[in-house]
Amino acid sequence: MSASPLVSCLCVTLGRPRLLERAIKCFRGQRYPEKELVIVYEGFDGPTKDFLAGVGDPNIVKIEAPADTPLTLGALRNAAVSACSGEYFSQWDDDDYSHPERIAFQMDVIAQSGLPASILMQWLIFDEKEGRAYLSHRRPWEGSLVCRKSLLRDGDGVGYGDLKTGEDTPVVRNLFSRGLVFPVIMPRLYIYTWHGGNVWSRDHWESIFASSRPLSDESSRLIRGILGGDYDTGEAAGILDELTD
């Protein structure tokens, strides 16, 4: 593996420019040098198309899927994989938050372990409805996957499932079953957020909250501020690095 192979951050989005803007900010703040952001949206999505028209960045690739052919989230993710140029890809969900060191840390794990993929086994969670932050239970969190792209192009059925939800779980299970993923315990690298417009229902999220550990009021306040843009990238990183509960 070269010193810094290109990592493609793959972002499928639909009608939420405010959250997409934050995802782009997280991408631009990544301290890993060789990266691109591939944004896939559908042709009928006017708000996203209008927002992206004002985004000029050579490291951001915009892919418009045909408006007349409804696609599942899994199909859109596969389109992003097909369009990206990176040797590696990172799932980059538009409604979550990544620490500036996320890609660099996960790629370092890949280089040191010799395995072609890494995933976070624990991350931070924020519930916008209640204003409460949590430390998740431990499991392979699919949204944090960083993986060699060729593993999804080998014709062995590892690609994203043609599903509206849960499309990334078969990918991760397949990779784990083959011993290809290095699990990482570094929760500060990622904030998983409930905002009311998520793909999964509130009942699903309630089950996640119930199996996670609530953080203090102060930590919840700080994480709310990070997600709300109250801090610049460096300040947010410092806050996440110093969380103690």
Side-chain angles (χ1 to χ4, degrees), residues 6-28 35-98 103 117 119 140-175 192-205:
L6 179 64
V7 176
S8 298
C9 300
L10 308 183
C11 180
V12 176
T13 190
L14 175 61
R16 41 196 189 195
R18 178 183 64 85
L19 294 176
L20 179 58
E21 183 176 17
R22 187 177 68 196
I24 291 173
K25 181 179 178 181
C26 285
F27 166 76
R28 287 173 170 163
K35 59 186 183 291
E36 69 171 4
L37 178 63
V38 178
I39 301 174
V40 177
Y41 65 99
E42 296 177 90
F44 60 77
D45 184 358
T48 297
K49 187 172 185 177
D50 292 344
F51 169 74
L52 288 176
V55 176
D57 188 326
N59 295 318
I60 295 179
V61 179
K62 309 165 191 176
I63 305 296
E64 182 178 316
D68 57 351
T69 307
L71 297 174
T72 64
L73 180 54
L76 292 167
R77 290 202 193 280
N78 285 326
V81 173
S82 297
C84 75
S85 300
E87 181 181 349
Y88 289 80
F89 73 89
S90 171
Q91 193 161 310
W92 204 262
D93 289 349
D94 65 354
D95 48 2
D96 297 331
Y97 186 95
S98 289
I103 297 176
I119 200 166
W141 291 102
E142 294 89 345
S144 66
L145 179 67
V146 175
C147 180
R148 186 185 299 149
K149 181 175 65 177
S150 62
L151 293 179
L152 270 69
R153 288 185 163 183
D154 289 341
D156 56 3
V158 187
Y160 287 100
D162 189 14
L163 302 168
K164 294 181 179 179
T165 60
E167 75 296 332
D168 44 9
T169 299
V171 174
V172 171
R173 286 178 177 169
N174 185 300
L175 295 172
Y192 187 44
T193 65
W194 185 89
H195 48 79
N198 306 80
V199 172
W200 289 103
S201 70
R202 179 69 186 185
D203 286 345
H204 174 83
W205 280 81

Which of these passes side-chain contact (heavy atoms from CB on, under 4.5 Å) with Ile63: Val40, Leu10, Ile39?
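Answer to the side-chain contact (heavy atoms from CB on, under 4.5 Å) test with Ile63 among Val40, Leu10, Ile39: Val40.
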Compare every heavy atom of [Y] with every heavy atom of [X], then report the nearest pair and how far apart it is.
X      : Y      : result
Val38  : Ala80  : CG1-O, 4.3 Å
Cys26  : Ser98  : SG-N, 3.6 Å
Trp92  : Ala23  : NE1-O, 3.1 Å
Leu37  : Cys11  : CD1-CB, 4.0 Å
Glu142 : Val172 : CG-CG2, 3.6 Å
Gly159 : Leu152 : CA-CG, 4.1 Å

Before you tell me yes or no, could you show the steps for Ile103 and Tyr88 under side-chain contact (heavy atoms from CB on, under 4.5 Å), namely the whole-Å CA-CA distance, both residues' side-chain angles and the distance that decides it to 0.1 Å?
CA-CA 10 Å; Ile103 297 176; Tyr88 289 80; over 6 Å; no
What's the spacing between [X] [atom1] and [Y] [atom2] if we round to 0.5 Å?
X      : Y      : atom1 : atom2 : answer
Arg22  : Tyr97  : CZ    : OH    : 9.0 Å
Tyr160 : Leu76  : OH    : CG    : 12.0 Å
Leu14  : Thr48  : CG    : OG1   : 6.5 Å
Arg16  : Phe51  : CZ    : CZ    : 13.5 Å
Leu175 : Leu151 : CG    : CG    : 6.0 Å
Cys9   : Gln91  : SG    : CD    : 11.0 Å

Can a donor-acceptor pair be found between the side chains of Asp95 and Thr193 at a distance below 3.5 Å?
no
Lys49 to Tyr41 six-membered ring, cation-pi geometry met (6.0 Å, 45°):
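Not flagged: Lys49 not positioned over aromatic ring of Tyr41.
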Determine, step by step, whether Arg77 and Asp93 satisfy the salt bridge (charged side-chain N to carboxylate O under 4.0 Å, His left out) criterion, reporting the C-alpha distance in whole Å, the side-chain angles of both residues, the deciding distance to 0.1 Å, and the verdict.
CA-CA 10 Å; Arg77 290 202 193 280; Asp93 289 349; 3.2 Å; yes
Just by modelled atom types, is the [Y] backbone N or O under 3.5 Å from a matching donor or acceptor in the [X] side chain?
X      : Y      : answer
Lys149 : Ser8   : no
Ser144 : Trp141 : yes
Asp94  : Leu20  : no
Asp45  : Gly15  : yes
Lys62  : Val55  : yes

Within the 4.5 Å heavy-atom criterion, are Leu52 and Glu64 side-chain neighbours or not?
no
Can you establish whether the number of heavy atoms outside Arg202 located under 6.0 Å from its atom CZ is more than 12?
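Enclosed.
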